[in-house]
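Note on naming: letters A, B, ... go to the chains in the order of the sequence lines (proteins, then strands), and numbering restarts at 1 for each one. On a predicted model such as this, the values are computed, not experimentally measured, just so you know.
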2 protein chains.
Amino acid sequence: MLAIGEFSRMTHLSIRTLRRYHEAGLLEPEQVDASSGYRYYTVEQIPTAQVIHRLRELDVPLPDVRRILRSPDPDQRAALVAQHLGRLEAELARTRAAVGSLRRLLVPEPPPLEVELRAEPAATVAAVADDVDADDVIGWYAGAMAELDAVLGPTAEGPPGGLYDNALFERGRGRMVVYRPAVDPPTRGRVQPVTVPAVELVVTTHRGEHDDVDVTYGELGAWVARNALTVAGPVRERYLVGPRDTDDPDAWRTEIGWPVFRVGPRPDGGRLGR
Amino acid sequence: MLAIGEFSRMTHLSIRTLRRYHEAGLLEPEQVDASSGYRYYTVEQIPTAQVIHRLRELDVPLPDVRRILRSPDPDQRAALVAQHLGRLEAELARTRAAVGSLRRLLVPEPPPLEVELRAEPAATVAAVADDVDADDVIGWYAGAMAELDAVLGPTAEGPPGGLYDNALFERGRGRMVVYRPAVDPPTRGRVQPVTVPAVELVVTTHRGEHDDVDVTYGELGAWVARNALTVAGPVRERYLVGPRDTDDPDAWRTEIGWPVFRVGPRPDGGRLGR
DNA sequence: CTGGAGTCTCCCCCTGGGGGAGGGCCCAGA
DNA sequence: TCTGGGCCCTCCCCCAGGGGGAGACTCCAG
């Protein structure tokens, strides 16, 4: 039996960390003295401790480490690990995107901003809607669009789009609507007919990678502010050319539209009604 | 003038986050109402907010973001950014190492562990020593070894080595000694003559990448425990073949030695005397 | 003038660590 | 069998960089 200090030396996990892992149910000492509370480990627990160490180096959250350790089936275990390696891949992609975007930001070649004020008519579309956390936007969008495609089939009546509740940006959670235009929109699964209301829309087009889209948002917002307008409802995006159309990011075009009121009333505080 | 909610919509930074950035001195509102405390921003601050957003996506700490924003010279600013990109590189390398090591750990091909109990004589060497945090070990080692090489020159009397206080593993901070054997060791800069005491040493050799070294530590520890020995002083490593000898990691050999006492006394609790 | 959306501050919580205080336990030597 | 000192225990506080929510005040259009 090994006291916690000896076990610490053998595994290169600090004593404090071992105690935390005990508390979290990750690595239970083989025996705990009932009266003194002393933790005693065995040499057979060393490999487990090392696996935990590696997983933590990969920033796998403690509950997930526990799941991995407790899954008896090696295949299932491998799948859980692979899932986290996928997460690392995604994180790397995010980092790469931020680096690229930062570079573009620091070497600004200000493109002429073309803004249009347009009266957008109401339209009934096939949509998927839900309350979403800001971090889940990407994943939720992918799922919702896939479901739309599955229900509507490949023949499109026009580019897909989305409505984004301002609370999504201001408070990190809000209503999200993803839609595709359709004649006589069906009701199936999460897909429902939704009527996008008529509105006065300030519109511009974002070119290229979506990572930079907030820059265009900023420019559009500045334009709105300078023209003494005020936001009146969820922001709209329309994906004129996107990854579903071409693999060349430079060719992508996203139409961004802000509903506005002249000066006056903000009937719903800029939020998306239900 | 833009209220915080409008500014939030334009920059995709949440209201809470904007308040935090104000508090941290990252992004001061152009104007703060003295009586109400309302924050008011201008459209000119949007690009700054976007740069902050990008830097935070790269996990640049808030104080460093502040430094970057406040450095007036573009060159200096670029240098600060580049520094953080270097940090990202290092992190990526660490992640890659952990992935590789995890793979090796999960597909174990248990190499025969050859352990030797050896009476190590005392030796006087040229050494650099200091108290070091566990996270700084790599960097400190590199600096200390470079200084040793600069003082001693290229002709080596034997492989370099190190002594590692057990507190380094147990408590995350401890004394570290890096040395090179030398006849008549000089005193220059941080380099000093140090006498490594004679000791009974349990020794094995780790093969390959240093990322896996804790596995060998674990095996050695298990051997020590099974033979009813007890640790008596700082762990020793000797770098028989390392990156300074060959670029092939599979050829690297690190000798790992644990000073032990048979059963009996632990004169200094396994810590490194001064 | 009024009501509701917007904003303020303040406090608590999260993760995965670390620092340190105060006190009990273990065990080799005498 | 006692003793001392190293080991281990629990408990509380702190860190970054966020989020949740309460309770009160402000802004502004009708």
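- In the set dC27(D), dC11(D), dG19(D), the nucleotide with an atom closest to the side chain of Y40(B) is dC27(D).
- For dG19(D), one of the phosphate oxygens OP1 or OP2 lies less than 4.0 angstrom from a side-chain nitrogen or oxygen of T17(B).
- With distances taken from any side-chain atom of P63(A) to the nucleotides dC10(C), dG17(D), dG16(C), the minimum falls on dG16(C).
- The side chain of R39(B) places no N or O atom within less than 4.0 Å of a non-bridging phosphate oxygen (OP1 or OP2) of dT26(D).
- For dG18(C), its base never sits under 3.5 Å from the side chain of R171(B) at any donor and acceptor pair.
- Between the CG atom of L62(B) and the C1' atom of dA16(D) there is a distance of 8 Å, given to the nearest Å.
- Remark: R56(B) is in phosphate contact with dG18(D), judged by side-chain N or O atoms under 4.0 Å from OP1 or OP2.
- Nearest to the side-chain atoms of R19(B) among the listed nucleotides dG17(D), dG18(C), dC8(C) stands dC8(C).
- When distances run from any side-chain atom of I4(A) to the nucleotides dC8(D), dG20(C), dT7(C), the shortest one goes to dC8(D).
- In the set dG19(D), dC9(D), dT7(C), the nucleotide with an atom closest to the side chain of S14(B) is dG19(D).
- Position along DNA chain C of the nearest nucleotide to R173(B) versus P61(A) favours P61(A) as the more 5'-ward residue.
- With respect to E170(B) and R9(A), a salt bridge is recorded, a charged nitrogen being found less than 4.0 Å from a carboxylate O.
- Among the atoms of the strands shown, base atoms are found under 4.0 Å from some heavy atom of R20(B).
- Under 3.5 Å, the side chains of S101(A) and D212(A) contain a donor-acceptor pair of N or O atoms.
- Rounded to whole Å, the distance from CD on Q31(B) to P on dC8(C) is 13 Å.
- To the nearest angstrom, P of dG17(D) lies 18 Å from NE2 of H22(B).
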Stepwise side chain to side chain contact (heavy atoms under 4.5 Å, CB included) check, D130(A) with W140(A)
CA-CA 9 Å; D130(A) 203 357; W140(A) 188 88; 3.6 Å; yes
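- Rounded to an integer number of Å, the gap from CD of E23(A) to C1' of dC14(C) is 15 Å.
- Atom pair M1(B):CE and dC28(D):P shows a separation of 13 Å (rounding to whole Å applied).
- Between S36(B) and dT7(C) there is no side-chain polar atom (N or O) within less than 4.0 angstrom of OP1 or OP2.
- At a threshold of 4.0 angstrom between heavy atoms, the contacts of S35(A) with the nucleic acid are absent.
- Donor-acceptor pairing under 3.5 Å is recorded for the side chains of R87(A) and H84(A).
- In terms of position along DNA chain C, the nucleotide closest to R16(B) lies nearer the 5' end than the nucleotide closest to the other residue of the pair D135(B) and R16(B).
- The nearest whole Å value for the distance from the OH atom in Y21(B) to the C1' atom in dA16(D) is 12 Å.
- Note on A24(A): nothing from the nucleic acid sits closer than 4.0 angstrom, heavy atoms only.
- Between Y38(B) atom OH and dA24(D) atom C1' there is a gap of 11 Å when expressed in whole angstrom units.
- For the residue pair Y217(B)/E237(B), the side-chain donor-acceptor check at 3.5 Å is satisfied.
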